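Take a look at the structure set out below.
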2 protein chains.
Amino acid sequence: METTPDRLIESTRELLWERGYVGTSPKAIQQRSGVGQGSMYHHFSGKPELALAAVRRTAEQMRETAERELALPGTAVERVSRYLRRERDVLRGCPIGRLTQDPEVVTSPQLRAPLDETFEWLRGRLADVLAEGQARGEIAPGLDTGDIAATLVAVLQGGYVLARAAGTAAPFDQAVSGALALLAQRA
Amino acid sequence: METTPDRLIESTRELLWERGYVGTSPKAIQQRSGVGQGSMYHHFSGKPELALAAVRRTAEQMRETAERELALPGTAVERVSRYLRRERDVLRGCPIGRLTQDPEVVTSPQLRAPLDETFEWLRGRLADVLAEGQARGEIAPGLDTGDIAATLVAVLQGGYVLARAAGTAAPFDQAVSGALALLAQRA
DNA sequence: GTCTATAGGATGATAGAC
DNA sequence: GTCTATCATCCTATAGAC
């Protein structure tokens, strides 16, 4: 069943993704969710609490999705490639990375924490996959898997930025292709 | 001499960098610049015109800075490394990349154009440097220099995102190190 | 739980005096 | 050119009835 708090959180998630924290008003949340003013303030103390619930849920979902994909079988390079190349609505950008640009978000320890945890987890998870590949000789032995993992996550996040600037997904695809080509090089 | 329009544009540039388009109000611009309401609306028709002037100036400056650094002597890898590793206020992020997250900016052809042009120019310029290096045997011959250029710009833009999420520049530095390590591999 | 009423401040301008 | 006054709307709630 769809509870009222649930509908509020879902609408907040969408709006935060599209418009960020500053650009998201309680009124817009009410309109999108179809929940009235009084009802919203009955379930949540205000915008900060609502945003926190929304950000936590989005972060959790992002980790679940990534884990599901990275756990699939294959060589390290195959698994990483699959993750980087999975279907994405590139021009929408990343719902977590987007919030990184909001001063009110990075200034709040509570709101920033889920972002930090998500990217840290993702970098660690990718580093593990890369380390496995390195142990099997797929990846050059001299490379720091932690650094490469950071590079790959940055390529995704930066790819979104380039795509939105260009108004097309092409630069995102190029950036991913370049990263995978570099990674597949044999030392 | 410091003209009034100049001070308005400079303040707008700072605010757009810090708070984005939605988060920047005419009132804040007036307060930061020390220019009065009437004066501001005498020189500019409103927020959109002011933002356009500010974005254009920032884009121009970014290209000038990059060109100055990339034109310095050295091997291709040296020049690219110098550009990626140059001193940056990482946690502040990129004043151009930041605007990419603003729906009002990417929706406006006028405001988006300078972002698009800047990144397109930068990718092209890096691709040229990489192609030179490839011709000299510094870089593996099979690599698509256009793709690698996109990868490198994405690493910078994504590095800012990861750093702001983490609250420290470390992930940015890791991402850059990883990219340069991959690039320096010999095929 | 949900509704309407109310409120103090910000937003993004316009109008007209000086 | 710059200043002050004014304005309609939005923002983010709080209060209290139902």
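Reckoned from all heavy atoms, side chains included, excluding hydrogens, waters and symmetry mates. Everything numeric here is computed off the predicted structure, so don't read it as measured data. By convention in this document, chain letters (A, B, ...) are assigned in the order of the sequence lines, proteins followed by strands, and residues within each chain are numbered from 1.
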Whole-Å gap separating C1' (D:dC3) and NE2 (B:His43): 13 Å
Per-nucleotide protein contact string for nucleotides 6-18 of chain C, where B marks a base within reach and S marks sugar-phosphate only (heavy atoms under 4.0 Å, - for neither): ----SSSBB----
With A:Arg125, the salt bridge (Lys or Arg N to Asp or Glu O under 4.0 Å) member among A:Glu132, A:Glu67, A:Glu120: A:Glu67
B:Gln157 vs B:Phe119 side-chain heavy atoms within contact, under 4.5 Å: yes
Involving DNA chain C, stems made of at least three consecutive Watson-Crick or G-U pairs, both distances under 3.5 Å: C:1-18 with D:1-18
Geometric cation-pi criterion A:Arg98 and A:Trp17, 6.0 Å radius, 45° cone: no
Lys/Arg N to Asp/Glu carboxylate O, B:Arg13 vs B:Glu10, below 4.0 Å: yes
side-chain N/O A:His42 vs C:dC3 OP1/OP2, d < 4.0 Å: no
Note, B:Arg86 side chain near B:Glu69 side chain (heavy atom, < 4.5 Å): yes
Residues, nucleotides or ligands: over 12 heavy atoms within 6.0 Å of B:Glu49 CD: yes
B:Glu64 CD: over 12 foreign heavy atoms closer than 6.0 Å: yes
Sub-4.5 Å side-chain heavy-atom contact between A:Pro171 and B:Arg123: yes
Integer-rounded Å distance: D:dT14 P and A:Glu49 CD: 12 Å
Whole-Å gap separating C1' (D:dC10) and CZ (A:Arg19): 12 Å
Interatomic distance, B:Arg7 CZ vs D:dG1 P [rounded to whole Å]: 14 Å
Any A:Thr4 side-chain N or O less than 4.0 Å from OP1/OP2 of C:dT2: yes
